[in-house]
Amino acid sequence: MSISSINYSSSILGGQIRNINQQLTDLSTQLSTGKLSQSYSGMGTNEGFAIASRAQLSNIAAYTDTITNVNVSINLANTALQALTTIRSTTQTGAANTAQDLNVNGQTIAQNTAAAQFGSMVGVLNTQTGNRYLFSGTAFNTQPVADAGDIINGTTTQDGFKTVLAERQAADLGTNGMGRLVQTQPTASSINVAEDSATSPFGLKLKAASSTLAGATLTGPSGSPVSFSIDLNGNNPADGDKLSIQFTLPDGTTEQIDLTASSKTPTPVGSFAIDTTTPANTATNLNTALNTAIKKLAGTSLVAASAITAGDNFFNTVGSATANAAATGNLISAYTSTTATGSVALQDNAAAAAASTTSLDATAGNHLASGILTALGGTTLTINGNTVTFNGGTTVSTVGSNTTIGLGAGTTATVQDILTAIQTAGGPGVTATLSASGNIQISTGTTTDVSVTGGAAATALGISSVARGGNVPSTPPITGSTLLSGTATTGGPEVLSPGFSAGDTITVNGTTLTFVASGATGNQINVTDSIQTLLGKVDQITGTSKPSTIHGGVITINTDDPGSLNITSSNATALGSLGFSSTTITAAKAPLRVGSSPAGTATTLVNGTANTVRWYNGNDGPGSARSTAVARVDDSITVQYGAQADEDAIRRQLQAIAVFGTFSTSTTGQYSKGAVAALSQRTAQALTQQPGQQRIEDIQTDIAMAQNTMKDATTRQTQAKAQLQTIIDQAESASPDQVASEILALQNALQASYQTTASLAQLSLVKFL
């Protein structure tokens with residue numbers, strides 16, 4: 001029989017001692033490192049939570065870095081935007097308060113300052129953070145704005161804004177300095193003013209005209225090209241009688257010329273002289289005064305408006321599509337003018353035919369027959385709902401469309417006042433004249449019937465109601481009220497012919513408008529609707545900020561995105577009736593240049609990309625500028641902080657300052673100071689924030705909201721970091737007190753084991769046996 005040796009290391013007790021020693025070693029490591037283990041396997045069952053928490057901490061660290069970087073960009077952008085608001089305020093104050101003293105370059109001090117501010121603004125818009133341009137949108141590696149000198153003066157191959165400005169001014173003034181208007185005197189007593197082209201976008205556009213000139217006949221503005229005429233009919237107006245003409249300027253503003261008849265010497269400014277001996281000379285004086293007034297308007301306000309519009313042509317992306325020709329000759333008119341001659345031949349006190357100058361004062365040397373004056377006294381004549389009242393006063397007064405004529409001794413009234421009162425009461429298009437035999441002749445015009453009531457007054461004057469003629473073809477230019485289809489009726493609006501039919505379509509930028517017989521909803525339009533309704537539908541689809549217009553029978557469709565404008569119709573013939581010769585309507589894209597040379601006779605604007613400096617080179621794609629820079633700052637939160645130099649608020653300011661700082665004029669020109677004054681006013685207005693327009697402060701607000709979002713995220717992440725670190729610490733950290741207690745217990749156990757082992761170690765084979 002063999003006997004196994006007694007070995008300490010292989011004994012159960014020895015194994016226990018080694019185990020205790022290992023535990024002591026582990027606890028000593030925990031005490032020195034503060035960790036439960038140096039490996040994941042020794043961490044325990046909660047280590048999974050610690051690992052997940054550590055991953056979240058890593059994400060938070062990445063978000064913190066992102067927030068730091070984005071805050072740097074936002075702070076720089078905000079500083080740049082604040083600089084822009086300072087530049088705006090400085091330029092606006094200078095424009096509003098500038099003295100019109102011109103230096104040798106034909107500019108004011110405020111304009112020189114604006115030119116310098118333009119350069120500063122370009123520099124601000126080219127701000128970088130690292131290698132990123134802040135105002136380029138997604139094209140952050142591209143300098144957004146061209147160099148200031150190139151924008152204004154051009155390069156060796158491309159024209160700058162200064163050239164575009166000069167071309168536009170020449171096109172708007174025309175070769176005669178009359179704002180593209182043609183003024184003639186067809187007869188000794190008449191004057192005619194007409195636009196030089198139906199389709200030209202340049203120059204002054206006739207909007208409205210009115211006259212209180214006694215005995216005069218005013219026609220228009222109407223026709224294509226639009227024109228108006230005034231005929232004094234051999235009569236002299238009275239002191240204070242006035243001719244007023246309203247004009248629309250290229251920038252959309254309206255100006256009015258008022259010319260007042262005057263017998264004063266010298267003739268006051270804004271007046272024309274009455275020649276009491278030769279009425280034909282009065283017409284010549286009016287013609288001269290009107291010519292002078294138009295040239296002054298063209299040399300001042302028109303020049304300023306032209307500069308503003310040139311800025312739009314160069315800097316703005318807004319475009320338009322203009323019909324190739326006025327839409328005339330395609331209409332059915334349901335009426336024609338009718339002239340009726342009164343049944344009574346008015347006589348004076350000498351039993352001769354009365355004239356327009358015959359007095360209504362029964363005590364005057366030459367006056368209307370006493371029987372007629374007696375019959376008129378105290379009566380009221382009603383015409384188209386308006387009144388002409390005869391009383392015992394001594395003056396003539398008009399309020400609105402109602403006139404009171406005094407028949408008392410010493411009255412200043414004449415037969416002409418009766419004729420003028422009838423015209424005023426009748427409304428637009430109605431005229432009243434006196435024939436050689438003394439009969440009152442009333443013409444309806446083509447827009448208004450004349451309804452006459454009034455008993456004794458109507459009988460005394462021998463006048464009665466006059467209706468327009470019947471349904472006849474006519475060729476006036478289309479207007480906004482022209483119907484898209486149908487049959488004209490007496491007294492009704494004109495109708496496009498050939499027009500649209502139910503089932504026809506017009507497709508605008510991919511959206512289809514369908515014509516229906518009635519009850520249109522959504523993207524439908526009734527065939528009996530007006531052209532203005534159609535244009536309104538088109539504008540809704542294009543989203544234009546500038547409504548489309550009709551002037552002199554020519555339609556202009558405006559769009560903020562000319563590159564996308566595309567209009568077609570299933571009825572090309574009806575589209576042609578609107579004046580468009582092409583089956584597809586498109587718009588010229590910015591920059592826009594005068595279309596032909598010499599500019600003074602040009603009639604079109606064309607795309608000038610090939611030979612014009614491009615001022616903005618950053619991203620100009622669809623979507624908001626803010627969305628061009630996006631950062632994730634939390635697991636479920638992103639912020640947008642992009643910006644583009646061509647945003648509306650920035651572009652409008654850059655454009656206004658460029659126009660003001662670039663415009664110059666002759667130091668000795670007759671209208672130079674007036675032109676600078678008009679431009680200064682427009683510049684100050686352009687830099688004034690308007691309701692509904694984007695402001696630079698709006699951009700600042702947007703990026704401030706992004707910054708606040710990041711601030712809130714940082715606060716939440718700071719709190720989360722503390723909680724996550726607690727989870728990690730609880731899972732992985734060793735308590736010094738607990739470890740020390742366990743070490744002490746193990747030391748006692750180890751001491752006891754050693755003592756036991758020592759006692760056992762004294763056994764011998766002899767003792768064992």
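Using a cutoff of 4.0 Å between basic side-chain nitrogens and carboxylate oxygens, K546 and D539 are not scored as salt-bridged. Between E647 and R626 there is a salt bridge, with a side-chain nitrogen of the basic residue lying less than 4.0 Å from a carboxylate oxygen of the acidic one. Between R88 and E697 there is a salt bridge, with a side-chain nitrogen of the basic residue lying less than 4.0 Å from a carboxylate oxygen of the acidic one.
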Stepwise, does the side-chain hydrogen bond (donor to acceptor under 3.5 Å, both in side chains) test hold for D159 with T612? CA-CA 5 Å; D159 295 328; T612 312; 5.6 Å; no

Apply ring pair (Phe, Tyr, Trp, His ring centres under 6.0 Å) to residues F118 and F660 and explain how you reach the verdict. CA-CA 10 Å; F118 177 77; F660 192 52; over 10 Å; no

When you look at Q256 and D258, which way does the side-chain hydrogen bond (donor to acceptor under 3.5 Å, both in side chains) test go after all the steps? CA-CA 6 Å; Q256 180 168 307; D258 293 314; 2.7 Å; yes

Could you go step by step and tell me if T586 and T584 meet the side-chain contact (heavy atoms from CB on, under 4.5 Å) rule? CA-CA 6 Å; T586 57; T584 301; 4.0 Å; yes

Tell me, with the steps shown, if V145 and V122 meet side-chain contact (heavy atoms from CB on, under 4.5 Å). CA-CA 6 Å; V145 181; V122 169; 3.8 Å; yes

Would you check, one step at a time, whether the test side-chain contact (heavy atoms from CB on, under 4.5 Å) holds for R593 with T163? CA-CA 10 Å; R593 300 285 295 271; T163 300; 3.9 Å; yes

Walk me through whether I257 and I294 qualify under side-chain contact (heavy atoms from CB on, under 4.5 Å). CA-CA 8 Å; I257 289 176; I294 291 175; 3.9 Å; yes

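A donor-acceptor pair shorter than 3.5 Å cannot be found between the side chains of T309 and S306. Side-chain N/O atoms of N192 and S229 include no donor and acceptor closer than 3.5 Å. Side-chain polar atoms of Q644 and N619 form a donor-acceptor pair below 3.5 angstrom. The closest side-chain donor-acceptor pair between T688 and Q92 falls under 3.5 angstrom. No hydrogens or angles considered: a donor-acceptor pair under 3.5 Å links the side chains of R168 and N313. No hydrogens or angles considered: nothing links the side chains of D698 and T701 as a donor-acceptor pair under 3.5 Å. Between the side chains of S197 and R180, no donor-acceptor pair of N or O atoms lies under 3.5 Å. Under 3.5 Å, the side chains of S443 and S337 contain a donor-acceptor pair of N or O atoms. Judged by distance alone, the side chains of T479 and S481 do bring a donor and an acceptor atom under 3.5 Å apart. Judged by distance alone, the side chains of Q655 and D312 do bring a donor and an acceptor atom under 3.5 Å apart.
Here the side chain of T155 pairs a donor or acceptor atom with the backbone of Q158 at under 3.5 angstrom. Side chain of T507 to main chain of T568: no donor-acceptor pair is present (N/O by atom type, distance under 3.5 Å, no hydrogens or angles). Side-chain atoms of T338 come within 3.5 Å of backbone N or O of A467 as a donor-acceptor pair.
Within a 6.0 Å sphere centred on NZ of K295, other residues, nucleotides and ligands contribute 12 heavy atoms or fewer. Within 6.0 Å of CD on Q524 lie more than 12 heavy atoms contributed by other residues, nucleotides or ligands.
With sequence neighbours left out, D251 forms a side-chain hydrogen bond (donor to acceptor under 3.5 Å, both in side chains) with T253, R682.
Counting only heavy atoms from C-beta outward, the side chains of L605 and F202 approach each other to under 4.5 Å. Side-chain contact between D646 and L654: absent, with no pair of heavy atoms (C-beta onward) separated by less than 4.5 Å. Between S680 and T683 there is no side-chain heavy-atom pair separated by less than 4.5 Å. Two residues are said to be in side-chain contact when any heavy atoms from C-beta on lie closer than 4.5 Å; N386 and T424 fail this criterion. Put simply, the side chain of L302 does not reach to within 4.5 Å of the side chain of L297, judged on heavy atoms.
Ring pair F161/F314: centre-to-centre distance below 6.0 Å.
Each of L204, D172, I308 was scored for a side chain to side chain contact (heavy atoms under 4.5 Å, CB included) with L249, with one residue passing: L204.
Looking at every heavy atom in both residues, T542 comes nearest to N509 through CG2-ND2, 3.8 Å. Between N607 and A588, the closest heavy-atom pair is N-CB, 4.1 Å.
Classification of the F500-F515 ring pair by plane angle, with boundaries at 30° and 60°, yields parallel.
The OG1 atom of T583 lies 8.0 Å from the CG atom of L575; values are rounded to the nearest 0.5 Å.
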